[in-house]
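Counting begins at 1 with the first residue of the sequence.
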Amino acid sequence: MTVLVVPEYLRQFAEPSGYVDFARFGPVSARVAEVLARTAGRLHREGWEVLEGLDAQTEAAARTAGEVLGCAPHEIAFVSSTSHGMFAAAHALGAAGPAGGTVLMSRSDFPGALYPWLRAEGNGGLTVRQLDGPLTADIVRATLDERVHAVSVCAVDAATGIRAPLAAIKEAIGPHRVLVVDAIQALGAVEFAADAADVLVAGGQKWLRAGWGAAVLMVRDRVAGRLAPGLGGWSGVVDPIEAPGHPCPARPGAVAHTVTNPDGPAVAALGEALALVRDVGIGRINALIGEALDELLGAARAVGAETLGGERTGGETPGVSGIARVRLPGADPAAVHRTLAEAGLSTTLRGGWIRLSPHASTGPAAAGLLGDALRSARTLLTA
């Protein structure tokens, strides 16, 4: 494995200096852009023979994802988005009939992590029990009973940056229950206990910086027998073309839960993005994110802004999430957000707070822009 030195890694990126909105979308790396351009060229020049190359890239991407997540390649499949993968997980449990049981989840999770379970419940496959606040092992443990068969949790909360204690939650629920993890706000930026996840989903458009169109769906062998291919389509069954009748038996591995073949160029881009994370090392990437977040929050506090998040944690997953929040006391958050945008800062306004989510490539200029813009907004407030 070739380990990239940090300066070479940073040369992969060219987003504006005030771009600190990776929890919403991550501008792609040069390596990803090159793969997309090369693949588009092949689609332009070649006929059906391009499919062999795309299949090979999908297999390579599954191997890389397995290396990053610590699983076998056949435990990886590719779907169109995080929401698609979560729907597959929810209906895989729901299609198991009474075995689907009750699923625990936080009512404050991002809607994309909620609706798959609510729709599966509406279809009669399982029961959803919504809990208050970010899930912890103690909250989950206090709610467990014989009806609970699964827990769904976001590895990192999209609004607050709070990191879920995945290993502790998995220990609390035990091996006979399924832990489903929405990891889109973690994979590529945060060290987390991926080995605790029985099912994991993460799209490529945020911290992985792979663009839209593909997401990792990991289904570990240890829970395969407790899931049914609720959304499994023709791509997830054995020999669907030549079969004398349908439905055909499900294919082994995570691919059983796919609706159709994935977007080949998007999967190739996602594989390249995962390879970049693997080559640099998630620990180094997270350290650079922590440095950028420290500078941003320091600049905000220096002009009297309130901040939340950005704390480093130890325990099962040391480091920092890439998400924190700021606000100016007494100021209209929407007006402050507009001021930041006019100053060249890309951020997200949510719940009266401005979310900051820098990446490893965020330089010190972003903190300067933030400090100046908040100072300007505060001056307008007191004028």
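Residues Val190 and Thr317 are not in side-chain contact: their nearest non-hydrogen atoms beyond the backbone lie 4.5 Å or more apart. No side-chain heavy atom of Ile162 sits less than 4.5 Å from a side-chain heavy atom of Val156. The side-chain heavy atoms of Arg325 and Leu308, taken from C-beta on, include a pair separated by under 4.5 Å. By the 4.5 Å heavy-atom criterion applied to side chains, Thr64 and Val277 are not counted as neighbours. Annotation: side chain of Val153 is in contact with side chain of Leu166 (closest heavy-atom distance under 4.5 Å). Annotation: side chain of Ile76 is in contact with side chain of Cys71 (closest heavy-atom distance under 4.5 Å). You'll find the side chain of Ser235 reaches within 4.5 Å of the side chain of Asn261, heavy atoms only. Here the side chains of Arg327 and Ile354 are not in contact, with every heavy-atom distance at 4.5 Å or above.
Around atom CD of Glu52, no more than 12 heavy atoms belonging to other residues, nucleotides or ligands sit under 6.0 Å away. The number of heavy atoms from other shown groups lying within 6.0 Å of CD (Glu171) does not exceed 12. Within a 6.0 Å radius of CZ in Arg107, other residues, nucleotides and ligands contribute more than 12 heavy atoms.
In terms of heavy atoms, Thr39 sits closest to Ala268 at OG1-CB, 4.4 Å. Minimum interatomic distance between Phe13 and Tyr9 (heavy atoms only, all atoms of both residues): CE1-O, 3.4 Å. Across Ile289 and Ala360, no two heavy atoms sit closer than the pair CG1-N, 3.5 Å. Smallest separation of non-hydrogen atoms from Leu54 and Gly264: CD2-C, 4.0 Å. When all heavy atoms of Tyr19 and Thr362 are compared, the closest pair comes out as O-OG1, 4.0 Å. Nearest heavy-atom pair across Pro358 and Phe22 is C-CD1, 3.8 Å.
With hydrogens and angles ignored, the 3.5 Å screen pairs a side-chain donor or acceptor of Arg129 with a backbone N or O of Thr143. For Lys206 (side chain) and Ile184 (main-chain N/O), no donor-acceptor pair under 3.5 Å exists by modelled atom type. With hydrogens and angles disregarded, a donor-acceptor distance shorter than 3.5 Å links the side chain of Arg177 to the backbone of Ile173. A donor-acceptor distance shorter than 3.5 angstrom exists from the side chain of Asn286 to the backbone of Ala189, with no hydrogens or angles considered. Not a single donor-acceptor pair under 3.5 Å links the side chain of His337 to the backbone N or O of Pro333. A donor-acceptor pair is defined here as one N or O able to donate and one able to accept, closer than 3.5 Å; no such pair exists between the side chain of Glu75 and the backbone of Gly253. A side-chain donor-acceptor contact under 3.5 Å links Ser106 to the backbone of Gly133. Between the side chain of Arg355 and the backbone N or O of Leu349, no donor-acceptor pair lies under 3.5 Å. Side-chain N or O atoms of Gln185 include one that pairs as donor or acceptor with a backbone N or O of Ala23 at under 3.5 Å.
Between atom OG1 of residue Thr102 and atom CG of residue Asp145 there is a gap of 6.5 Å, rounded to the nearest 0.5 Å. Atom CZ of Arg222 sits about 14.0 Å away from atom NE2 of His176, to the nearest 0.5 Å. In this structure, His246 NE2 and Cys248 SG are separated by 4.5 Å, a value rounded to the nearest 0.5 Å. A distance of 9.5 Å separates CD in Glu46 from CG in Leu51, rounded to the nearest 0.5 Å. Note that OG of Ser357 and CG of Leu293 are 9.0 Å apart. Values are rounded to the nearest 0.5 Å. Here the CG atom belonging to Leu144 is positioned 6.5 Å from the CG atom belonging to Leu104, to the nearest 0.5 angstrom.
A side-chain N or O of Arg163 and one of Thr313 form a donor-acceptor pair less than 3.5 Å apart. Asp55 and Thr58 form no side-chain donor-acceptor contact under 3.5 Å, judged by distance and modelled atom types alone.
Under the 4.5 Å side-chain heavy-atom criterion for Ile, Leu, Val, Met, Phe, Trp and Tyr, Leu270 and Leu276 are members of the same hydrophobic cluster. Linking Ile, Leu, Val, Met, Phe, Trp and Tyr residues whenever their side-chain heavy atoms come within less than 4.5 Å leaves Val267 and Val35 in two separate clusters.
The only member of Val303, Val20, Leu356 that meets side chain to side chain contact (heavy atoms under 4.5 Å, CB included) when paired with Leu370 is Leu356. Paired with Val178 under the rule side chain to side chain contact (heavy atoms under 4.5 Å, CB included), one option of Arg220, Arg226, His149 passes, and it is Arg226.
Of the charged side-chain nitrogens involved, at least one lies within less than 4.0 Å of a carboxylate oxygen, so that Glu34 and Arg38 count as a salt-bridged pair. Under the 4.0 Å criterion applied to side-chain N and carboxylate O atoms, Glu15 and Arg209 are assigned as salt-bridge partners. A salt bridge links Asp294 with Arg312: the closest approach of a Lys/Arg side-chain nitrogen to an acidic carboxylate oxygen falls below 4.0 angstrom. Using a cut-off of 4.0 Å between Lys/Arg side-chain N and Asp/Glu carboxylate O, Arg284 and Asp279 are scored as not salt-bridged. Using a 4.0 Å cut-off between a side-chain N of Lys or Arg and a carboxylate O of Asp or Glu, Lys170 and Asp198 qualify as a salt bridge.
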> side-chain contact (heavy atoms from CB on, under 4.5 Å) between Asp182 and Phe110: does it pass, once the steps are laid out?
Replying inline: CA-CA 10 Å; Asp182 177 338; Phe110 187 77; 5.7 Å; no
>> side-chain contact (heavy atoms from CB on, under 4.5 Å), that's the test. Do Leu227 and Val199 meet it? Break it down for me.
In response: CA-CA 10 Å; Leu227 306 177; Val199 178; 4.1 Å; yes
>> Applying side chain to side chain donor-acceptor pair (under 3.5 Å) to Asn123 and His91, what does each step give before you reach the verdict?
In response: CA-CA 9 Å; Asn123 290 336; His91 284 76; 3.2 Å; yes
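Counting Ile, Leu, Val, Met, Phe, Trp and Tyr side chains that sit under 4.5 Å apart, directly or through other members, Val259 shares a hydrophobic cluster with Phe87, Leu231. Membership of the apolar cluster around Val32 extends to Val28, Leu36, as traced through chained side-chain contacts below 4.5 Å between ILVMFWY residues.
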